[in-house]
2 protein chains.
Amino acid sequence: MLEPVKKIRLYESIVKQIQKLILSGELQPGDRLPPERMLAEQLNVSRTAIREALRSLEMMGFLESKVGVGGGTYVKKITINNILSPFSQILLQNDDFIVELLEVRLFLEIEVARLAAIRRDEEDLKKIHEAIEEMETAIRRGETGLLGDNAFHKALAVATSNTVLQQLLLLCGNLLELEREEHLSSSKTESKKALIQHKKLAHAIEQGNDKQAQTIMRDHIHDISKTIKSNRANRAQQLAGGPDEETE
Amino acid sequence: MLEPVKKIRLYESIVKQIQKLILSGELQPGDRLPPERMLAEQLNVSRTAIREALRSLEMMGFLESKVGVGGGTYVKKITINNILSPFSQILLQNDDFIVELLEVRLFLEIEVARLAAIRRDEEDLKKIHEAIEEMETAIRRGETGLLGDNAFHKALAVATSNTVLQQLLLLCGNLLELEREEHLSSSKTESKKALIQHKKLAHAIEQGNDKQAQTIMRDHIHDISKTIKSNRANRAQQLAGGPDEETE
DNA sequence: TTGTCATAATGGTCATACCAAAAGCACTAC
DNA sequence: GTAGTGCTTTTGGTATGACCATTATGACAA
């Protein structure tokens with residue numbers, strides 16, 4: 001079966017070429033591309049095509065540009081989170097997204113707890129304890145402790161020694177940030193409860209007890225998810241008169 | 001602490017405006033934007049600025065453009081996979097990425113098996129069986145059965161009724177496509193073995209036996225991962241004289 | 001030493017011209 | 001009536017040239 005021949009646009013071709021240079025390691029984060037006018041000469045195209053390609057790569061998160069002497073176009077460091085963050089608001093619009101994401105986050109975090117208990121080293125434990133102290137201090141001041149919460153979950157993810165998992169968790173955490181903040185803000189009780197669970201988790205992980213770590217994490221994330229779903233249900237009720245109650 | 005004031009570029013502003021329209025639902029997948037020249041008039045900027053913004057949104061996966069009568073710029077449907085696929089080659093360059101991704105895929109797929117067994121409906125089961133037949137037919141013809149394999153795993157993911165999970169699995173599958181094809185190509189034995197495991201899984205899921213589904217899936221993905229890691233180790237050995245053997 | 005001004009480098013924006021692709025319509029030949 | 005051809009229009013694709021805005025640096029004067 002013959003397929004339609006798709007003519008490739010210049011700007012597309014340039015985007016792909018530059019991506020390839022980044023891929024092959026010829027271009028590293030921090031490297032500076034030649035000036036636009038020079039690139040246009042080298043590639044024997046107009047500056048327009050160059051700009052369209054560079055603007056695309058810039059908005060995609062690959063490059064950044066600066067004006068003036070010493071200005072130019074520089075290669076940025078690529079992470080999954082950097083790539084997805086421009087899209088997060090769009091993904092959040094889907095009403096089911098949050099609920100589904102909570103479900104995915106539940107089993108990702110349980111797996112994090114398991115791997116962290118198995119793989120953590122002294123440095124990881126130090127970070128975990130620092131995060132707990134940070135959260136504790138913030139709560140004592142009357143704050144929600146969200147930053148400490150973020151730091152705690154990040155430290156756990158780092159302790160798994162799996163960067164793909166880290167990126168996924170970071171992404172989940174960011175996408176759920178409003179909801180998580182709301183949860184911790186809802187009452188001082190919730191913040192303190194989360195802190196207690198963090199401490200229990202830290203202890204299980206320190207002991208290398210992966211079974212217990214999983215159980216505590218399951219309870220912890222389940223609590224949070226329950227509140228978030230409840231808040232969403234209340235919000236939807238106020239707006240439109242109440243969704244069906246979900247069986248859990 | 002005062003922060004530097006960042007001057008916003010026209011193309012950036014236009015990108016954000018269009019993203020916002022998509023976010024608010026004013027623009028839906030399939031909707032057509034006004035022609036470039038008209039947009040330039042409406043926004044009182046040059047066509048260049050419009051093009052730079054539209055090219056960016058296009059390369060980011062939000063829009064697609066067509067030339068000629070009835071042509072124009074159309075809004076695309078946004079999924080995580082669409083967004084990430086331009087970056088997949090970059091992510092694959094990280095040597096540890098594949099190994100880590102295999103690990104993440106293992107527990108995602110186990111969770112899929114569990115949820116599929118609990119949540120599948122008749123339609124899901126039909127799709128699952130169709131995928132098995134497709135793979136069986138391909139193997140009988142002497143092919144690898146990769147398409148049937150893809151269809152099978154997709155049908156399972158759909159049966160979870162969690163689209164976030166589906167997207168993540170689709171992404172993992174795509175990122176690992178070369179490796180998975182290599183695995184199925186390595187011998188007819190591997191393809192047949194995979195097919196047998198698919199059949200066992202289908203049976204467990206049909207029976208609603210989530211524990212058994214998880215066990216079979218663990219074995220299945222573990223087999224694949226083991227071969228993929230082994231192939232990578234052999235490849236690295238050929239290139240550079242042998243990595244340390246990983247304890248498993 | 002500090003402040004001011006000029007210069008140069010590089011991205012940012014605009015306008016204009018022309019090309020390429022595609023659909024629709026009218027006309028002609030069979 | 002049908003198929004083929006050519007023309008027109010619409011819209012994105014590409015090029016060119018001009019000018020603007022920002023920024024760092026160096027020279028010069030107070």
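So you know, we letter chains A, B, ... as the sequences are listed, proteins then strands, and number each from 1.
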From [atom1] ([X]) to [atom2] ([Y]), nearest 0.5 Å:
X      : Y      : atom1 : atom2 : result
A:I14  : A:S56  : CD1   : OG    : 10.0 Å
A:N44  : A:L39  : CG    : CG    : 12.5 Å
A:I221 : A:L102 : CD1   : CG    : 9.0 Å

Between the protein and nucleotides 2-7 of chain C, which nitrogen or oxygen pairs come in under 3.5 angstrom?
none

Point to revise | Salt bridge flag under 4.0 Å for residues B:E130 and B:K127 | key: no

Check your understanding: Do NZ/NE/NH1/NH2 and the carboxylate oxygens of A:E133 and A:K126 come within less than 4.0 Å?
Key -> no

Point to revise | Gap between atoms CG and P, on B:L43 and C:dC14 respectively (whole Å) | key: 11 Å

Study note, to complete from the structure: Whole-Å distance, A:E64 CD to C:dG12 C1', equals 17 Å

Check your understanding: Just checking, is any N or O donor in the side chain of A:N150 or A:R180 under 3.5 Å from an acceptor N or O on the other one?
Key -> yes

Check your understanding: Between B:E100 and A:T163, is any side-chain donor less than 3.5 angstrom from a side-chain acceptor?
Key -> yes

Check your understanding: What nucleic acid atoms does B:G70 come within less than 4.0 Å of, heavy atoms only: base, sugar-phosphate, or nothing?
Key -> nothing

**Study point:** Within residues 45-52 of chain B, residues whose heavy atoms come under 4.0 Å of DNA chain D
**Key:**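 Residues of residues 45-52 of chain B that come under 4.0 Å of DNA chain D are, in numerical order, B:R47, B:R51.
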
Practice item. Identify the 5'-most and 3'-most nucleotides of DNA chain D with at least one atom closer than 4.0 Å to a non-hydrogen atom of chain A. Key: D:dG13 to D:dA24

Point to revise | 5' priority, DNA chain D, between A:V67 and A:R9 [closest heavy atom] | key: A:R9

Exercise for review: Check side chain to side chain contact (heavy atoms under 4.5 Å, CB included) between A:E64 and all other residues, then give those that pass, not counting sequence neighbours.
Suggested key: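 Expected list: A:Y74, A:K76.
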
Exercise for review: For B:A151, check side chain to side chain contact (heavy atoms under 4.5 Å, CB included) against everything at least two apart and list the hits.
Suggested key: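 Checked B:A151 against side chain to side chain contact (heavy atoms under 4.5 Å, CB included); matches are B:A131, B:E134.
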
Check your understanding: In residues 27-42 of chain A, which ones come under 4.0 Å of DNA chain C, going by heavy atoms?
Key ->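 DNA chain C contact set from residues 27-42 of chain A: A:R32, A:P35, A:E36, A:R37.
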
Practice item. Quick one: sort the B:H198 and B:H153 rings into parallel, tilted or perpendicular, breaks at 30° and 60°. Key: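 Perpendicular, since the angle between the ring planes exceeds 60°.
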
Review point. Given that B:G68 and B:L10 both sit by DNA chain C, which one's nearest nucleotide is further toward the 5' end?
Key: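 By nearest-heavy-atom nucleotide position, the 5'-most residue is B:L10.
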
**Study point:** Test side-chain hydrogen bond (donor to acceptor under 3.5 Å, both in side chains) applied to B:R47 and B:E41, B:E36, B:E52, the passing residue
**Key:**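 With B:R47 as partner, side-chain hydrogen bond (donor to acceptor under 3.5 Å, both in side chains) holds for just one option, B:E36.
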
Study note, to complete from the structure: Nearest heavy-atom approach of B:E26 to B:D31 is O-OD2, 3.8 Å

Point to revise | Any B:Y11 side-chain nitrogen or oxygen under 4.0 Å from OP1 or OP2 of C:dT13 | key: no

Check your understanding: With a 4.5 Å heavy-atom cut-off, do B:L10 and B:I50 have their side chains touching?
Key -> no

